[in-house]
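Data block below; observations after.
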Amino acid sequence: MFHTTPKPFPNDFLWGASTSAYQVEGASASHGKGPSIQDLHHPANLSDFSIASDHYHHVEEDVALMKELGLKAYRFSISWSRIFPKGKGEINPEGVAFYHTLIDRLVASGIEPVVTLYHFDLPLALYENGGWTNRETIDAFAQYAKTLFQEYGDKVKYWLTINEQNVMINHPAAMNPGKTPTNKELYQQNHHMLLAGAIATSLCHELVPEGKIGPAPNIIAVYPKTCKPEDVVAADNWEAIRNWLYLDVAVKGVYNPIAWAYMEEKGLVPYMEAGDMDLLASAKPDFLGVNYYATATVSAAKNDGHDRAPRNGDQQTMVGEEGVYRAETNDLLETTEFGWQIDSVGLRTTLRRVYDRYHLPILITENGIGARDALEDDGTVHDAYRVDYLRRHFEQARLAFSDGVDLIGYCPWAFMDLVSTHQGYQKRYGFVYIDREEKDLKTLRRVKKDSFAWYQNVIATNGSHM
């Protein structure tokens with residue numbers, strides 16, 4: 001659809017930025033924090049999470065930079081094991097106090113806190129007790145969520161339950177140090193996480209009357225490689241398994257029929273207890289978080305033993321599945337230096353599909369480009385590629401809004417450089433450069449990139465000047 005004059009973003013649009021606790025905070029084994037699975041998972045040649053961007057000790061400076069940037073919202077996660085060092089039981093008062101400090105500074109700066117309850121960092125003690133395969137983890141999560149709502153509910157309006165649950169199921173290696181679960185175990189974990197998210201949603205409505213809560217999966221439009229009808233079926237298969245399985249349960253309280261048929265065919269149907277589906281149906285999210293980086297392209301499965309051939313692209317690697325779909329490369333798209341495809345128009349398509357299915361407000365909770373940013377001798381960081389990337393995506397978001405999508409905000413990944421799970425500090429995402437390398441902490445100085453000033457102007461003009 002062509003819009004002669006696209007609609008302006010609403011005046012209360014949440015221009016924001018995102019991070020996650022384990023990737024920026026540091027202080028991973030101090031101030032009362034217990035270990036999480038992420039403390040065990042990093043390549044030996046890359047940075048670990050012990051210092052990261054040292055946000056824990058730079059809160060005042062970092063929030064001051066957010067205010068200077070003009071952020072209307074800051075989407076961050078709370079470290080479960082910083083609140084409950086063993087995942088449950090005894091509370092760590094230093095951890096509770098840290099997030100009070102962060103939230104108070106955000107509110108005082110006119111920045112809306114958007115809090116993610118769980119972002120890839122399961123407490124190690126829970127993992128060693130079976131993790132999400134063990135149904136007891138649901139109860140631990142409920143205790144954790146209830147504590148956060150009671151502590152911060154009078155200051156935080158926007159909450160997100162679980163970040164990229166679908167990525168944890170479809171790409172489980174980074175979330176499971178040691179042995180990777182079987183597919184049967186993964187879909188049991190998925191069911192337990194869906195229950196945990198539903199419980200947290202209902203608790204939020206009970207304990208935070210003015211609060212709004214929703215899930216934050218990684219959602220992408222899936223394209224058929226050709227107009228061949230079998231390719232279209234394959235695209236429907238993967239879109240249902242990768243996207244709608246998670247959102248149908250979160251929003252409608254039911255399992256997507258195509259995804260359910262897939263689980264039946266593959267022997268992956270999870271064990272359920274009486275009342276599980278009633279519990280899922282009782283939780284009603286207020287909005288949806290959407291993490292978006294690129295679309296996917298697939299073709300029909302051939303059942304010849306080669307359907308699993310991967311499409312490369314860093315952690316965006318996609319592996320096909322026998323009898324379901326084949327992963328393909330979309331030759332019409334650009335790629336980043338790390339092999340990620342770039343599809344700004346795909347953001348518009350994705351937003352339209354999500355809103356058409358669920359009719360709930362959407363907050364873009366992640367979107368960005370990782371690159372090898374360089375600190376110049378004069379202290380500047382030139383990242384024109386990031387400006388170009390975000391400008392194109394912002395324009396498509398505005399078109400989606402003009403198409404009728406109820407888009408309430410946009411939080412690019414990331415506010416500052418952080419530890420990339422797969423590339424450490426080789427791959428940088430932030431508007432703010434962190435002066436450190438993989439093993440050399442250097443100064444940890446914060447340096448505003450060129451994209452900082454550009455985004456500052458975008459926010460100041462509410463997206464009218466990009």
Side-chain angles (χ1 to χ4, degrees), residues 20-22 36-38 77-84 86-89 115-153 158-170 172 175-176 181 185-208 211-218 245-255 259 270-289 291 365:
S20 82
Y22 77 92
S36 83
I37 57 173
Q38 292 300 338
S77 71
I78 288 179
S79 167
W80 187 345
S81 59
R82 197 178 294 285
I83 303 297
F84 288 96
K86 295 184 179 180
K88 59 183 179 179
V115 175
T116 307
L117 301 180
Y118 177 54
H119 192 126
F120 296 167
D121 52 355
L122 186 70
L124 187 60
L126 295 181
Y127 180 78
E128 292 174 341
N129 193 42
W132 285 108
T133 305
N134 186 340
R135 197 174 173 104
E136 291 178 4
T137 301
I138 302 173
D139 297 328
F141 185 78
Q143 179 191 17
Y144 164 63
K146 182 177 181 180
T147 300
L148 297 191
F149 297 144
Q150 290 173 331
E151 284 288 341
Y152 312 116
Y158 291 97
W159 300 84
L160 297 160
T161 53
I162 297 177
N163 179 76
E164 294 193 342
Q165 181 174 329
N166 52 341
V167 171
M168 288 187 275
I169 300 306
N170 290 295
M175 312 310 158
N176 293 274
E185 290 169 331
L186 285 169
Y187 279 91
Q188 189 65 54
Q189 290 181 7
N190 183 58
H191 182 66
H192 290 165
M193 280 191 273
L194 290 168
L195 289 169
I199 291 170
T201 298
S202 295
L203 279 171
C204 181
H205 291 147
E206 175 188 341
L207 299 172
V208 189
K212 296 182 181 296
I213 190 167
N218 181 305
L245 163 59
Y246 304 88
L247 285 176
D248 279 7
V249 173
V251 178
K252 303 176 181 179
V254 297
Y255 272 89
Y271 167 76
M272 298 185 190
E273 292 189 0
D276 278 5
M277 294 310 299
D278 290 336
L279 192 157
L280 293 173
S282 68
K284 302 297 182 184
D286 304 289
F287 70 101
L288 301 176
N291 291 3
T365 38

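What's counted below: heavy atoms across the whole structure, side chains too, no hydrogens, waters or symmetry copies.
Across all non-hydrogen atoms, the minimal contact from His205 to Lys284 is CE1-O, 2.9 Å. For the residue pair Leu160 and Ala216, the shortest heavy atom distance occurs at CD2-CB, 4.0 Å. Of all heavy-atom pairs spanning Val254 and Met277, the tightest one is CA-CE, 4.2 Å. Residues Arg135 and Asp276 approach most closely at NH2-OD1, 2.6 Å, considering heavy atoms.
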Could you pull out all donor-acceptor pairs under 3.5 Å where a side-chain atom in residues 118-126 meets a protein atom, sequence neighbours excluded?
| residue | atom | partner | partner atom | Å |
| --- | --- | --- | --- | --- |
| Tyr118 | OH | Trp132 | NE1 | 3.3 |
| His119 | NE2 | Asn163 | ND2 | 3.2 |

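Contact annotation: the side chain of Asn176 approaches that of Pro181 to within less than 4.5 Å [non-hydrogen atoms, C-beta and beyond]. Using a 4.5 Å heavy-atom threshold, the side chains of Phe149 and Val115 count as separate. Using a 4.5 Å cut-off on side-chain heavy atoms (C-beta onward), Leu195 and Leu280 make contact. Considering only heavy atoms from C-beta on, Tyr255 comes within 4.5 Å of Val249 through its side chain. When side chains are defined from C-beta on, Met193 counts as touching Ile169, because their heavy atoms get closer than 4.5 Å. Residues Pro215 and Ile162 fail the side-chain proximity criterion, which asks for heavy atoms closer than 4.5 Å. Counting only heavy atoms from C-beta outward, the side chains of Ser36 and Ser79 never approach each other to under 4.5 Å. Side-chain contact between Gln165 and Pro217: absent, with no pair of heavy atoms (C-beta onward) separated by less than 4.5 Å.
Residues meeting the ring pair (Phe, Tyr, Trp, His ring centres under 6.0 Å) test with Tyr246, sequence neighbours left out: none. With sequence neighbours excluded, no residue forms a salt bridge (Lys or Arg N to Asp or Glu O under 4.0 Å) with Asp286. Applying the side chain to side chain donor-acceptor pair (under 3.5 Å) criterion to Glu164, with sequence neighbours excluded, gives Asn218, Asn291. Remark: Tyr187 pairs with no residue by the ring pair (Phe, Tyr, Trp, His ring centres under 6.0 Å) rule, at least two apart or across chains.
The main-chain N or O of Tyr271 is found under 3.5 Å from a side-chain atom of Gln188 such that the two form a donor-acceptor pair. Without hydrogens or angle criteria, Ser202 side chain to Ile199 main chain gives no donor-acceptor distance under 3.5 Å. Judged purely by atom type and a 3.5 angstrom limit, Ser77 uses its side chain to pair as donor or acceptor with the backbone of Ala21.
Each side-chain hydrogen bond (donor to acceptor under 3.5 Å, both in side chains) pair with one or both residues in residues 136-149, not counting sequence neighbours, appears once here: Asn129-Glu136.
Here CZ of Phe141 is found 9.5 Å from CG of Leu203. Values are rounded to the nearest 0.5 Å.
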Thr365 and Thr116: side-chain contact (heavy atoms from CB on, under 4.5 Å), yes or no, with the steps? CA-CA 10 Å; Thr365 38; Thr116 307; over 6 Å; no
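Here the options are Leu194, Thr133, Asn134, the test is side-chain contact (heavy atoms from CB on, under 4.5 Å), and the partner is Gln189; only Thr133 passes.
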